[in-house]
Amino acid sequence: MRVRVNHFRLASPKVARPAKILVMSDVHNNHEVFAGMLKRAEKEAPNYICLAGDTLDRTDCDVAGLVGWIESLSKIATVVIGLGNHELGGCGILARSRKGYGENLDFYAAVDKIKNCALLNETFETFSPENWLTFGAVNMPKEWYSGVARESQAEFRKVLETVPAKALEADRFNVLISHSPNGWLTRGRLISWKEAPILKKLDLILSGHNHGGLVPRVLRPIMMNRGFIGPKYKMWQPHAFGHWTDGRTSLVLSNGVTKFAETSGFSAAGRFLNKFWISEIEIIELVPAEKYQLTKC
């Protein structure tokens with residue numbers, strides 16, 4: 001299979017040693033990509049693999065293969081997993097806490113048993129593999145993705161306000177998995193720390209969800225980060241692809257491994273179209289430096 005790798009270099013005084021993060025989003029339990037993604041991960045040899053949501057697709061499909069695939073990834077690098085809307089709404093489970101999960105309990109229990117793998121499935125949860133580095137995840141409730149105020153920034157910030165003030169240490173390099181970028185971005189920019197104080201402590205946000213707006217790479221330079229179509233069939237999806245920086249915080253938007261999920265409504269046509277869309281992953285090189293800077297290589 002063909003895989004496009006989008007390379008970034010992030011320099012920061014908070015990075016204690018060089019490290020490589022591989023980002024995959026929107027896998028959608030697509031068994032046809034497992035071998036190719038595993039081979040690519042082996043070739044890239046990252047320190048960390050972040051699955052930025054929608055790793056699952058629905059509950060009535062085979063997840064044994066998915067669990068095995070995640071276990072194989074964990075033998076290459078430490079795997080950190082956040083939740084997407086398909087884990088929350090598309091799969092019919094609750095997002096509020098681990099105790100609220102229903103249909104996917106067996107899946108999450110199996111993933112929890114994988115060594116070298118951190119499943120961050122609370123509303124907000126962190127994992128610190130090194131004394132200078134923390135991974136976190138903000139997992140929005142399913143109502144935020146599909147309710148009346150769909151993906152509204154106001155509701156998004158209400159959830160952020162529930163994050164404990166001491167949840168992140170300012171002197172660490174803090175990476176946050178937040179499946180949808182649509183709460184963080186407005187009018188072509190990343191919201192400021194005045195709008196969301198947690199940004200004072202965040203260095204890097206990893207998102208997916210918008211599937212690159214289904215815009216071919218050749219057309220992206222003229223699309224002003226807008227996509228042809230986004231989640232829930234939203235036309236001219238803003239912030240469909242790209243990366244943004246404000247001060248010492250950056251958001252890198254993953255364009256997705258699987259463009260058409262089984263639950264997208266396209267079914268067989270979607271499986272056929274996936275063969276023509278190139279799966280995309282992101283590689284982010286963290287390097288020690290005196291000044292903060294994100295560069296697309």
Side-chain angles (χ1 to χ4, degrees), residues 1-12 15-55 65-82 84 111 114-120 127 129-130 132-137 173-179 181 203-209 211-212 217 220 241-243 250-259 274 277-289 293-297:
M1 65 174 290
R2 294 182 297 168
V3 182
R4 177 174 294 128
V5 183
N6 301 306
H7 289 273
F8 295 86
R9 179 181 184 273
L10 199 162
S12 171
V15 173
R17 66 172 185 84
K20 181 188 289 188
I21 300 174
L22 185 156
V23 186
M24 298 185 201
S25 183
D26 300 282
V27 174
H28 287 284
N29 197 16
N30 181 357
H31 289 220
E32 293 187 5
V33 304
F34 286 174
M37 289 295 105
L38 188 62
K39 185 177 180 179
R40 174 56 66 171
E42 291 173 338
K43 180 179 179 179
E44 296 294 339
N47 302 97
Y48 300 97
I49 298 172
C50 289
L51 301 181
D54 282 4
T55 306
L66 179 59
V67 173
W69 178 70
I70 295 172
E71 187 170 14
S72 296
L73 289 176
S74 72
K75 295 176 181 177
I76 299 170
T78 301
V79 178
V80 186
I81 306 174
V111 172
I114 298 175
K115 295 180 180 179
N116 206 30
C117 178
L119 172 64
L120 307 181
F127 163 67
E130 302 186 49
W132 61 273
L133 175 64
T134 294
F135 289 93
F173 189 89
N174 294 310
V175 180
L176 186 76
I177 297 174
S178 182
H179 178 61
D203 301 280
L204 176 62
I205 302 168
L206 304 175
S207 296
H209 187 51
H211 293 234
R217 188 180 187 184
R220 290 175 190 169
F241 52 87
H243 61 282
S250 295
L251 187 150
V252 173
L253 179 52
S254 178
N255 294 318
V257 171
T258 301
K259 302 299 183 181
N274 278 332
W277 284 95
I278 300 175
S279 294
E280 296 186 58
I281 62 174
E282 283 63 41
I283 292 289
I284 304 171
E285 300 269 4
L286 304 182
V287 296
Q293 184 178 32
L294 177 74
T295 306
K296 192 173 190 300
C297 305

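Only a predicted model underlies this, so the values are computations on that prediction, with no experimental measurement involved. Counting from 1, the numbers follow the sequence of the chain as shown.
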I need the minimum non-hydrogen distance between [X] and [Y], along with the two atoms involved.
X	Y	value
Gly136	Leu120	C-CD1, 3.7 Å
Ala77	Ile49	CB-CG1, 4.0 Å
Gly53	His179	CA-ND1, 3.5 Å
Ser279	Val33	OG-CG1, 4.3 Å
Pro181	Leu253	CG-CD1, 3.7 Å
Ser74	Ile114	OG-CG2, 3.4 Å

Would you say [X]'s side chain and [Y]'s backbone share a donor-acceptor pair under 3.5 angstrom?
X	Y	result
Lys20	Ala45	no
Ser25	Gly256	no
Asp26	His209	yes
Ser207	Ser178	yes
His243	Leu251	no
Asp203	Asn174	yes
Trp132	Ala16	no

Over 12 non-hydrogen atoms of neighbours within 6.0 angstrom of NZ in Lys296: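 Counting neighbours around NZ of Lys296, more than 12 heavy atoms of other residues, nucleotides or ligands fall under 6.0 Å, so yes.
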
More than 12 heavy atoms of other groups within 6.0 Å of Arg220 CZ: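 More than 12 within 6.0 Å, yes.
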
Electrostatic pair Lys75-Glu42, nearest N-O below 4.0 angstrom: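 Salt bridge between Lys75 and Glu42, a charged N being under 4.0 Å from a carboxylate O: no.
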
Salt-bridge criterion met for Arg217 and Glu280 (N-O under 4.0 Å):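 Salt bridge between Arg217 and Glu280, a charged N being under 4.0 Å from a carboxylate O: no.
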
side-chain contact (heavy atoms from CB on, under 4.5 Å) between Ile21 and Glu282, intermediate numbers included: CA-CA 8 Å; Ile21 300 174; Glu282 283 63 41; over 6 Å; no

From [atom1] ([X]) to [atom2] ([Y]), nearest 0.5 Å:
X	Y	atom1	atom2	result
Glu285	Thr295	CD	OG1	12.0 Å
Thr258	Met24	OG1	CE	10.5 Å
Leu66	Thr55	CG	OG1	7.0 Å
Ile81	Cys117	CD1	SG	4.0 Å
Ile205	Leu176	CD1	CG	6.0 Å
His7	Ile284	NE2	CD1	11.5 Å

Would you say [X] and [Y] make side-chain contact, with heavy atoms under 4.5 Å?
X	Y	value
Met37	Val257	yes
Asn47	Arg17	yes
Val15	Val287	no

Parallel, tilted or perpendicular, as decided by the 30° and 60° cut-offs, for the rings of His211 and His28: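 Because their plane-to-plane angle lies in the 30° to 60° range, the rings of His28 and His211 count as tilted.
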
Pair Leu10-Val252, side-chain contact (heavy atoms from CB on, under 4.5 Å): steps then yes or no: CA-CA 11 Å; Leu10 199 162; Val252 173; over 6 Å; no

Partners passing ring-ring contact (aromatic ring centres under 6.0 Å, His included) against Tyr48 (at least two apart in sequence or in another chain):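 Listed in chain order: Phe135.
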
